[in-house]
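Read through the structure below, which is laid out as structure tokens, and then see the notes.
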Amino acid sequence: MATISITLPDNSSRELNEGASVYDLAASIGAGLAKAAIAGKINGQLVDLSSRLTDADRVEIVTEKSPEALEIIRHSASHLMAQAVKELFPQAKVTIGPAIETGFYYDFDVDKPFTPDDLERIEAKMLLLASADQKIERHEYSSVDAISMFEAMGEPYKTELITDLGVERVSVYSQGTFADLCRGPHLPSTARIKAFKLLSIAGAYWRGNEKNRMLQRIYGTAFVDKKELEAYLNRLEEAKRRDHRKIGRELDLFSFSDEVGAGFPIWHPKGAMLRTVLEDFERKEHLKRDYDIVVGPQILKSELWQRSGHYENYRENMYFTEVDEQSYGIKPMNCLSHMMIYKSQLRSYRDLPLRFFELGTVHRHERAGVLHGLMRVRCFTQDDAHILCTPEQLDAEIKGVISFVNDVMAIFGFEYEMELSTRPEKSIGSDSDWEQATGALLSALKDSGRPYEINEGDGAFYGPKIDIKLRDCLDRRWQCATIQCDFTLPERFDLTYVAPDGERKRPIMVHRVILGSIERFIGVLIEHFAGSFPLWISPVQAVVVTVTDSQIPYAQDVYRQLRNAGIRVERDVRNEKLSFKIREAQLQKIPYMLVIGDKEVEQGTVTPRYRDGKNLPAMKPEEFVDFVTKECKDYK
RNA sequence: GCCGUUGUGGCUCAGGGGUAGAGCAGCUCACUCGUAAUGAGCAGGUCGUCGGUUCGAUUCCGACCAACGGCUCCA
């Protein structure tokens, strides 16, 4: 019999009989590997274990430990779920069911939406089908045959998919009585799906288009083993515990009220203090980097919004009001007053770059279904700036913004990722504008030395942009900072500067935020720190607690002294046991509890207890002031 | 905006066609206490809003509002 030669990742080679599969290769290496194998990679291409090898292939065995394993397991789990649904609800039409970052989902077209009870039944069925050890087999068909096959099965979505694929041949994976159009690869058997859980039901549009029919989506997750599944489910629980809406209420930071209106947070004293600290920080950091602080009005004449194009493109999201027969638009963005400040005088190239910074509060009428705590609101404050510069300066300005973002994220301890979005199909501006701006963004990204991704065609119609997504301690990503180049506004408002040669030229405008919105950023901070904010941003940094009533006069003195020194201190001189007061301060996540008993009164000291339970040595109140001041200066 | 779920005192939740309960929080009193809950008593709700069915609705039905999980959109 003829043999073929296969090269392994370590560059060693093996001889196998012609027609051997990936599995045969694994088996020839070792029984253990054959058992652990779940798929293969032939010349870099993921394939099933049953795939045939040809001479001179480079082959890698994918096991549960491989990075690709999870995706395959989840994809197979989604097929298993579809099979379970079809068995329990034969009238359900299957559509698509991919693996996603946190698990998998499958969309079904059903007359009656699934209920939580259904979810349990489906999961139970899946367990049964998994343990049945059904072989998962791949078959290839011509598209024509596949279409008539799925037609016969009464699966119109599948035939639509095949038609749209526009290819000659498609692959179909089957297990038991269930068959699904799929590229693969998959596990060799359903028994290999060992740890999964269905999580939730949701509506989702067919092909993500809201004009299409709404399908019923079931989300689930799957892992290589039960232990990892448990770990993930625990992480979900932890996220629930850290939910900023819950902690926001517990720490009395903010609230929402039906009477005020959906999406309009009201900031309680402690939340407002937290904001104030962040805003002061921002002003300081912007001034350091040669930004000018500006302030514009909350409402501007509607004519101005017409000129900017917002009226045409953004009207649904805007609030309007009319006074003295004059229509005004409540600003959804801060750019217009910044434009007008630029235009208030003749600008020379010597004036540029101009960097206008505003903690601008904007109102946007977001669709009702998208509101989410502080993460998505209808009234929020952006740390917004518009940089107006010459084309030659663009490069340095973008780099400056990225290094600004980098500095700020380091202070808060966030990791982040960057994405460049390039020219979309519908866009304005010349080719050279786009080339230059995209080039500037790209070069700044390369310069940053950090990994970045490119989203082809995902930019705004008015210019390319960099989105920055920070990662919190649970590895979730949040869009906060963005840097956008804008060709429209300078054009529409006819912004110019006088160039060295005396010619009028058009400046380039960069729109950027660092934290994004104060609201969202605070939401992220709350979840990241689970409410235990670093000392420098804690709304309450310390609380003076007395052991008994006899220490009250001294405690009042200490409180006054710290307040006067600018420490955000509270006092708890209630007639309660110390342990009770400690507990309350602990639940409020106050960094320092300054315990005052007879000993402290005698010595004129306080004994700070940190919220981790450890005491600092007793110290004079002024020493504590120095300590906190120093820590805050270092952004601790 | 769309699909689904939910809406009972400040918070967490129980209950259910005959106008409502618990714990915590609050208030009062006693205890004067050294690092995560001292005890006792008191008070607090037109059961999201508006309609309908009914002798009678907080409970059943409908509409609206809001929240929650998603979709779409986004800082």
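In the text below, chain A, chain B and the rest are named by the order of the sequence lines, each starting its count at 1. All values below were derived from every heavy atom in this structure, side-chain atoms included, with hydrogens, water molecules and symmetry-related copies excluded.
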Take A:Lys240 and A:Glu527 through the test salt bridge (charged side-chain N to carboxylate O under 4.0 Å, His left out) and record every step on the way to the result. CA-CA 9 Å; A:Lys240 232 182 249 173; A:Glu527 305 209 352; over 6 Å; no
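Taking atom P on both nucleotides, B:G34 is separated from B:U28 by 24 Å, rounded to a whole Å. Nucleotides B:C24 and B:G39, compared at atom P, are 9 Å apart to the nearest Å. Comparing the C1' positions of B:U49 and B:C13 gives an interatomic distance of 23 Å, to the nearest angstrom. The P atoms of B:U38 and B:U32 are separated by 15 Å, rounded to the nearest whole Å. A distance of about 15 Å separates the C1' atoms of B:U12 and B:U6, rounded to the whole Å. When the P atom is compared between B:C27 and B:U19, the two are found 33 Å apart, to the nearest whole Å. Nucleotides B:C60 and B:U5, compared at atom P, are 14 Å apart to the nearest Å. Atom name C1', nucleotides B:G48 and B:U8: the rounded distance is 10 Å, in whole Å.
Nearest heavy atoms, A:Ala555 versus A:Val544: CB-CG1, 3.8 Å.
Nucleic acid contact for A:Asp384: none, since no nucleic acid atom lies under 4.0 Å from a heavy atom of the residue. Residue A:Glu600 is in base contact, counting any heavy-atom pair closer than 4.0 Å across all strands shown. A:Lys581 comes within 4.0 angstrom of nothing in the nucleic acid, heavy atoms only. Among the atoms of the strands shown, base atoms are found under 4.0 Å from some heavy atom of A:Ala368.
A:Thr115 and A:Asp117 share no donor-acceptor pair across their side chains, judged by distance under 3.5 Å alone.
If you take NZ of A:Lys240 and P of B:C68, they are 14 Å apart, rounded to a whole angstrom. Counting to the nearest Å, the P atom of B:C33 and the CZ atom of A:Arg574 are 18 Å from each other. Between A:Lys211 atom NZ and B:C2 atom C1' there is a gap of 12 Å when expressed in whole angstrom units. Atom pair A:Asp612:CG and B:A36:P shows a separation of 12 Å (rounding to whole Å applied). We find that CG of A:Asp258 is positioned 12 Å from C1' of B:C64, with the value rounded to whole Å. Between the C1' atom of B:A37 and the CD atom of A:Glu576 lies a distance of 9 Å, rounded to the nearest Å. When rounded to the nearest whole Å, the span between CG of A:Leu587 and C1' of B:U35 equals 14 Å. Distance A:Leu616 CG to B:U35 P: 17 Å, rounded to the nearest Å.
For A:Pro113 and A:Ser550, each mapped to the nucleotide of RNA chain B holding its nearest heavy atom, the one lying further toward the 5' end belongs to A:Pro113. Along RNA chain B, the nucleotide nearest to A:Pro116 and the one nearest to A:Lys577 differ in position, and the one closer to the 5' end is contacted by A:Pro116.
Taking the side chain of A:Ala262 as heavy atoms from C-beta on, and the options B:C11, B:A66, B:G26, the nearest nucleotide is B:A66.
Between A:His286 and A:Phe357, the ring-plane angle classifies as parallel under the 30° and 60° cut-offs. Using cut-offs of 30° and 60° on the angle between ring planes, the pair A:Trp305 and A:His310 is perpendicular. Ring geometry, A:Phe414 versus A:His528: the interplanar angle falls from 30° to 60°, so the pair is classed tilted. Using the six-membered ring where Trp is involved, A:His75 and A:His79 have ring planes that are perpendicular, over 60° apart on the 30 and 60° scheme.
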Taking Watson-Crick (N1-N3 plus N6-O4 or O6-N4) and G-U wobble (N1-O2, O6-N3), each under 3.5 Å, can you produce the dot-bracket string of RNA chain B? Use [ ] for crossing pairs and | for inter-strand ones. (((((((..((((....[..)))).(((((.......))))).....(((((..]....))))))))))))....
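When the salt bridge (Lys or Arg N to Asp or Glu O under 4.0 Å) test is applied to A:Lys614, the partners found at least two apart in sequence or on another chain are A:Asp612.
One finds a side-chain N or O of A:Arg609 lying less than 4.0 angstrom from the OP1 or OP2 phosphate oxygen of B:A36.
In this structure, A:Arg289 satisfies the cation-pi test against A:Phe404, with its NZ or CZ atom closer than 6.0 Å to the six-membered ring centre and inside 45 degrees of the ring normal.
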Determine, for nucleotides 69-75 of chain B in 5'-to-3' order, which nucleotides have protein heavy atoms under 4.0 Å from the base (write B), from only the sugar-phosphate (write S), or from neither (write -). BBBBBBB
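Aromatic ring centroids of A:Phe89 and A:Phe114 lie under 6.0 Å apart.
A side chain to side chain contact (heavy atoms under 4.5 Å, CB included) with A:Arg450 is found for exactly one of A:Asn406, A:Leu445, A:Ile468, namely A:Asn406.
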